[in-house]
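Sequential numbering from 1 along the given sequence is applied to the chain's residues.
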Amino acid sequence: MENSLFVDGCTRCQACVSACETGVITIAGRFDYPELDFQRAECTFCRRCAEACPEPIFKRAESRPWRRVAVIDESCLTMKGITCRSCQDVCEPYAIQFRLRLGGIAQPQLDIDACTGCGGCVKSCPVGAITTRESDKENDGTA
């Protein structure tokens with residue numbers, strides 16, 4: 001969903017929030033628009049939110065609902081010499097793999113083409129080192 005199109009068309013009825021099977025859609029901020037909170041849950045792409053919404057603001061089922069990708073920052077435990085693979089363990093599309101390093105701890109490597117932006121890895125990280133961001137050609141090479 002395109003953020004500006006979503007905000008322009010959203011009536012703030014909260015039907016998508018009620019329909020969400022995982023609770024990733026919440027109401028936050030002072031304008032009460034629905035938002036994705038990956039610290040709470042992940043998106044399973046069930047499309048219940050789109051089906052419940054009375055407005056035509058969600059993308060068709062055949063297309064990706066958004067262009068988000070995971071971002072792993074320097075606070076990742078492996079970058080501090082501590083073995084952790086919690087993000088890899090929950091990544092169903094296997095977009096996060098760990099590359100072995102000679103004489104060191106394996107480091108996370110994100111396959112941007114495989115990442116769906118579901119946010120499952122965000123909540124799983126014990127130190128909050130993972131976020132998501134909008135994907136674009138200039139930043140990550142995706143179309």
Problem set entry | Ser124 vs Cys87 side-chain heavy atoms within contact, under 4.5 Å | yes

For this session: Verify whether one side chain among Gln107 and Arg99 offers a donor that lies under 3.5 Å from an acceptor in the other.
Result: no

Exercise. Do the non-hydrogen side-chain atoms of Leu36 and Trp66 ever get within less than 4.5 Å of each other?
Worked result: yes

For this session: State whether the side chain of Lys123 and the backbone N or O of Arg40 hold a donor-acceptor pair below 3.5 Å, judged by distance alone.
Result: yes

Exercise. Quick one: does NZ or CZ of Arg12 land under 6.0 Å from the six-membered ring centre of Phe31, within 45 degrees of the ring axis?
Worked result: no

For this session: Run the salt-bridge test on Arg68 and Glu134 with the 4.0 Å N-O cut-off and return the result as yes or no.
Result: yes

Seminar exercise, completed: Ala15 and Ala52 have their tightest heavy-atom pair at CB-O, 3.6 Å

Problem set entry | Partners passing side-chain contact (heavy atoms from CB on, under 4.5 Å) against Glu21 (at least two apart in sequence or in another chain) | Thr44, Cys46, Arg48

Exercise. Can you find a pair of side-chain heavy atoms, one from Cys43 and one from Thr22, that are under 4.5 Å apart?
Worked result: no

Problem set entry | Pair Ile96-Gln109, side chain to side chain contact (heavy atoms under 4.5 Å, CB included): steps then yes or no | CA-CA 6 Å; Ile96 301 174; Gln109 183 173 5; over 6 Å; no

Exercise. Can you name the nearest heavy-atom pair linking Pro108 to Thr78, along with the distance?
Worked result: CD-OG1, 3.2 Å

For this session: For residues Gly23 and Cys20, report the shortest heavy-atom separation together with the two atoms involved.
Result: N-SG, 3.3 Å

Exercise. Heavy atoms, side chains only, cut-off 4.5 Å: are Val90 and Ser86 in contact?
Worked result: no

For this session: Decide yes or no for Cys76 and Val127: does some side-chain heavy atom of the first lie under 4.5 Å from some side-chain heavy atom of the second?
Result: no

Problem set entry | Arg133 to Val71 - nearest heavy-atom pair and separation | CG-CG2, 3.5 Å

Exercise. Would you say Pro34 and Cys10 make side-chain contact, with heavy atoms under 4.5 Å?
Worked result: yes

Exercise. Below 4.5 Å, heavy atoms only, C-beta onward: do Cys118 and Glu92 meet side chain to side chain?
Worked result: no

Exercise. So do the side chains of Glu42 and Val122 get within less than 4.5 Å of each other, counting heavy atoms only?
Worked result: no

For this session: Report yes or no: do Leu77 and Ile130 belong to one cluster of Ile/Leu/Val/Met/Phe/Trp/Tyr joined by side chain heavy-atom distances under 4.5 Å?
Result: no

Exercise. Excluding sequence neighbours, so at least two apart, what forms side-chain contact (heavy atoms from CB on, under 4.5 Å) with Tyr94?
Worked result: Gln97

Exercise. Which residues satisfy the side-chain contact (heavy atoms from CB on, under 4.5 Å) test with Cys49, sequence neighbours excluded?
Worked result: Cys16, Ile25, Phe58

For this session: Taking all heavy atoms of Ala70 and all of Cys115, pick out the closest pair and write down the distance.
Result: N-SG, 3.4 Å

Exercise. Looking only at heavy atoms, which two atoms of Ile27 and Val17 are closest? And how far apart?
Worked result: CD1-CG2, 3.6 Å

